[in-house]
Amino acid sequence: PNVIETRQIRKAYSMGDNVIWALKGVDVSIKAGEFVAVMGTSGSGKSTFMNMIGCLDTPSDGKILLNGEDVSHLDAAALAHIRNRYIGFVFQQFNLLPRTSALDNVALPLLYSEVPEREWQPRAKASLEQVGLGERLHNQPSQLSGGQQQRVAIARALVNNPLLILADEPTGALDTRTSFEIMALFQQLNDAGKTIVLVTHEPEIAAVAKRKLVFRDGELVEDYLNGHH
Ligand code: ADP
Ligand code: ADP
């Protein structure tokens, strides 16, 4: 099955007496091994789309299948379980725990998993090695550069071996050079088979992905492979 398949998803938000349709019928299929950039102006529906495919929220109507399983009607507890098991999240501001080592930050998702405790540290270490931070296991976020902190966050997203990595403006807080280092890391993870979906405002960043989705006013208006536009 596709890792993600959305069928005519729509999402309404109520603002007093008004209803805003943040998504107006979106069909997207994302296969295993894809590397997708999501673009669009502010208010176009990117975050709403990411929240839907990240199982943070459910659509008002339409269907979302995650690895073939319908997740469109699950309750909050079931969604939390699906997120923890199948999805790795990366954020613009890294969202690491301060005064906590890289190793413990990365091990955090394992606390809520079925992975036995004796495997937490070895798994977290392997994940940090995968992002090139094998020498920084015991450093706290304040002792690391922005790029290194984002690598820790990516290691945390990988530690559960998720089906899907979702990144919301992962280079938004980084300088240009570091942004491209982080994109090179995503590219390397994608080459190794990881499915990645990221939001960015920057065409140069989006160009690193293989496929681009562009939202406008709640609709998917472009969907194409980079280099084929
Ligand atoms: P983007 O991420 O592209 O900036 P969003 O998905 O955040 O777009 O927003 C799409 C539309 O939905 C916008 O009009 C926004 O104001 C509205 N919206 C988003 N979240 C909410 C919310 N929680 N309550 C009300 N309106 C919302
Ligand atoms: P320079 O490297 O020329 O100093 P930057 O790349 O640091 O310029 O970008 C300047 C501004 O753009 C900063 O405020 C930075 O946070 C922001 N910025 C950089 N990269 C991104 C990105 N990928 N997405 C959103 N904002 C970004």
Side-chain angles (χ1 to χ4, degrees), residues 1-15 18-91 109 157-158 160-170 186 189-190 193-201 205-229:
N2 290 309
V3 172
I4 289 289
E5 188 171 329
T6 75
R7 297 185 188 156
Q8 283 297 308
I9 52 169
R10 305 202 304 149
K11 181 67 177 182
Y13 292 113
S14 307
M15 298 278 280
N18 294 321
V19 172
I20 293 172
W21 287 95
L23 293 177
K24 300 174 178 172
V26 172
D27 290 301
V28 181
S29 294
I30 297 173
K31 293 195 283 287
E34 288 209 69
F35 186 5
V36 181
V38 174
M39 302 194 76
T41 54
S42 179
S44 61
K46 303 181 299 294
S47 308
T48 304
F49 174 74
M50 294 295 276
N51 288 344
M52 299 287 130
I53 69 173
C55 297
L56 286 155
D57 202 354
T58 52
S60 305
D61 51 52
K63 252 191 183 150
I64 303 179
L65 308 182
L66 175 70
N67 208 29
E69 183 187 345
D70 189 346
V71 295
S72 351
H73 306 289
L74 297 180
D75 64 23
L79 286 176
H81 178 78
I82 297 269
R83 285 198 300 276
N84 189 59
R85 180 63 198 84
Y86 296 113
I87 303 170
F89 292 94
V90 177
F91 308 94
L158 290 167
N160 251 341
N161 193 25
L163 270 175
L164 177 64
I165 303 270
L166 292 183
D168 187 4
E169 301 248 18
F186 279 125
L189 295 170
N190 176 250
K194 284 287 163 204
T195 310
I196 300 169
V197 181
L198 64 85
V199 173
T200 182
H201 286 301
I205 293 292
V208 179
K210 292 180 191 160
R211 178 179 173 191
K212 211 177 296 186
L213 304 180
V214 182
F215 285 86
R216 188 186 304 143
D217 198 18
E219 294 183 283
L220 182 63
V221 293
E222 294 185 52
D223 178 358
Y224 60 91
L225 298 177
N226 272 328
H228 293 80
H229 191 45

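Distance check, rounded to the nearest 0.5 Å: CG of D57 to OG of S72 gives 12.0 Å. The structure places CZ of R10 at 11.0 Å from CD of E219, a figure rounded to the nearest 0.5 Å. In this structure, I53 CD1 and I4 CD1 are separated by 5.0 Å, a value rounded to the nearest 0.5 Å. The structure places CG of N161 at 11.5 Å from OH of Y86, a figure rounded to the nearest 0.5 Å. We find the CD-CD1 distance between E5 and I30 to be 10.5 Å, quoted to the nearest 0.5 Å. For the atom pair CD1 of I9 and CD1 of I64, the computed distance is 4.5 Å after rounding to the nearest 0.5 Å.
With hydrogens and angles ignored, the 3.5 Å screen pairs a side-chain donor or acceptor of S60 with a backbone N or O of A12. Judged purely by atom type and a 3.5 angstrom limit, K11 uses its side chain to pair as donor or acceptor with the backbone of T58. Although no hydrogens or angles enter the test, the distance criterion places no donor-acceptor pair under 3.5 Å between the side chain of T195 and the main chain of L164. Between the side chain of K24 and the backbone N or O of D217 there is at least one donor-acceptor pair closer than 3.5 Å. Side chain of T6 to backbone of V26: a donor-acceptor contact under 3.5 angstrom is found. Between the N190 side chain and the G33 main chain, a donor and an acceptor come within less than 3.5 Å of each other. A distance-only check finds a donor-acceptor pair linking the side chain of K46 to the backbone of G40 [under 3.5 Å].
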Report the C-alpha distance between L220 and V28 in whole Å, list the side-chain angles of each, state the deciding distance to 0.1 Å, and finish with yes or no for side chain to side chain contact (heavy atoms under 4.5 Å, CB included). CA-CA 9 Å; L220 182 63; V28 181; 3.5 Å; yes
Take E69 and I82 through the test side chain to side chain contact (heavy atoms under 4.5 Å, CB included) and record every step on the way to the result. CA-CA 10 Å; E69 183 187 345; I82 297 269; 3.9 Å; yes
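The shortest side-chain heavy-atom distance between L65 and N2 does not fall under the 4.5 Å cut-off. The shortest side-chain heavy-atom distance between F186 and L198 falls under the 4.5 Å cut-off. Residues P162 and K194 are in side-chain contact: their nearest non-hydrogen atoms beyond the backbone lie under 4.5 Å apart. A 4.5 Å side-chain heavy-atom check between C55 and I87 finds at least one atom pair inside the cut-off. L213 has its side chain out of reach of E222: every pair of non-hydrogen atoms, C-beta onward, lies at least 4.5 Å apart. Side-chain contact check for N226 versus K210: every heavy-atom pair is 4.5 Å or farther apart. Side chains of V199 and M50 form a contact here, defined as non-hydrogen atoms less than 4.5 Å apart.
Smallest separation of non-hydrogen atoms from Q8 and G25: OE1-CA, 3.5 Å.
Residue pairs that meet the side chain to side chain donor-acceptor pair (under 3.5 Å) test with at least one member in residues 74-85, sequence neighbours left out, do not exist here. Under the ring pair (Phe, Tyr, Trp, His ring centres under 6.0 Å) criterion, the residue pairs touching residues 27-67 are F49-F215, with sequence neighbours excluded.
Under the salt bridge (Lys or Arg N to Asp or Glu O under 4.0 Å) criterion, D27 pairs with no residue at all, not counting sequence neighbours.
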